[in-house]
Amino acid sequence: MSVVRRPARDSVWIAVAPGAVAVLGLAVDLVALAVAFVGLAVVWAATDRSSRLGVTAGSGAMFAALCYAGIRGASPALLLVVTAGTVVTWTTAQHVVGLADHLGRDAPVRRSVLVHASGASITTLLAGALTLGVYRSVTASFPPSVLVFLLVGSALLLYALEP
């Protein structure tokens, strides 16, 4: 009996759905929207082909688009929602690829993927809300570039936590 080491299609769609929200959030800037769309397409293709490197590269492109939108003056609340969508897509796609590598395409993993995506969404949105609250309480004393440094720090943290 052979095992197909690729994820089920519904798992791939679950993984990229938060990224679609992130891409739509970047519609405030055409360049950011285009780069994020390409990044999401890379994440989708890499997840479908069970490539961790591709998932990371596509998520990195989405994050670059997010940073670009931040530099161009997008609102902090919008940037945090887009960041949450990007992070949840990245972590869920990595989870889907791991499940596919270990269990194959035919394993019943939909519930695991949904629980992972839900937990990551809740955690990321709570962290984002806390961050936004702190940002709003101190905006009078810090320049807007602090938000860019916060986003870059988040990216470095994600890179450090990658398996």
Side-chain angles (χ1 to χ4, degrees), residues 1-27 32-70 74 77-132 147-163:
M1 179 174 171
S2 66
V3 176
V4 178
R5 302 282 179 204
R6 292 177 66 177
R9 298 252 184 238
D10 60 340
S11 296
V12 175
W13 286 110
I14 293 169
V16 299
V21 172
V23 169
L24 291 175
L26 289 175
L33 178 66
V35 172
F37 182 77
V38 169
L40 184 61
V42 170
V43 170
W44 178 82
T47 305
D48 190 52
R49 287 169 178 64
S50 200
S51 167
R52 287 187 184 273
L53 182 62
V55 167
T56 300
S59 298
M62 291 174 67
F63 191 76
L66 164 68
C67 289
Y68 179 78
L78 175 69
L79 292 175
L80 287 170
V81 170
V82 172
T83 301
T86 301
V87 169
V88 172
T89 289
W90 172 75
T91 187
T92 305
Q94 291 284 356
H95 181 66
V96 167
V97 168
L99 288 172
D101 288 346
H102 291 292
L103 303 174
R105 175 168 270 182
D106 296 327
V109 297
R110 184 178 184 163
R111 182 178 294 163
S112 173
V113 175
L114 286 171
V115 168
H116 181 89
S118 299
S121 296
I122 291 168
T123 303
T124 305
L125 288 173
L126 286 175
L130 178 64
T131 303
L132 183 61
L147 186 59
V148 173
F149 288 116
L150 176 65
L151 292 173
V152 170
S154 300
L156 292 173
L157 177 63
L158 288 175
Y159 178 75
L161 293 175
E162 184 175 325

| task | For residues Leu26 and Ala69, report the shortest heavy-atom separation together with the two atoms involved. | result | CD2-CB, 3.6 Å
| Is there a side-chain contact between Val12 and Trp44 (heavy atoms, below 4.5 Å)? | yes
| From CA spacing to verdict: side chain to side chain contact (heavy atoms under 4.5 Å, CB included), Thr56, Gln94 | CA-CA 8 Å; Thr56 300; Gln94 291 284 356; 3.0 Å; yes
| said: Thr92 and side-chain contact (heavy atoms from CB on, under 4.5 Å): which single residue from Val87, Leu114, Thr47, Val113 fits? | reply: Val113
| remark: All heavy atoms of Ala15 vs all of Val96, minimum pair found to be CB-CG2, 4.1 Å
| remark: For Leu80 and Gly128 the tightest heavy-atom approach is CD1-O, 3.5 Å
| Closest approach of Leu78 to Ala74 (non-hydrogen atoms, all atoms of both residues) | CD2-CB, 4.3 Å
| field | Residue pairs, two or more places apart or on separate chains, that pass side chain to side chain donor-acceptor pair (under 3.5 Å) and touch residues 109-120 | value | Thr91-His116, His95-Ser112
| Looking only at heavy atoms, which two atoms of Val43 and Val55 are closest? And how far apart? | CG2-O, 3.8 Å
| note | Shortest non-hydrogen pair, Ser50 vs Val97, comes out as OG-CG1, 3.6 Å
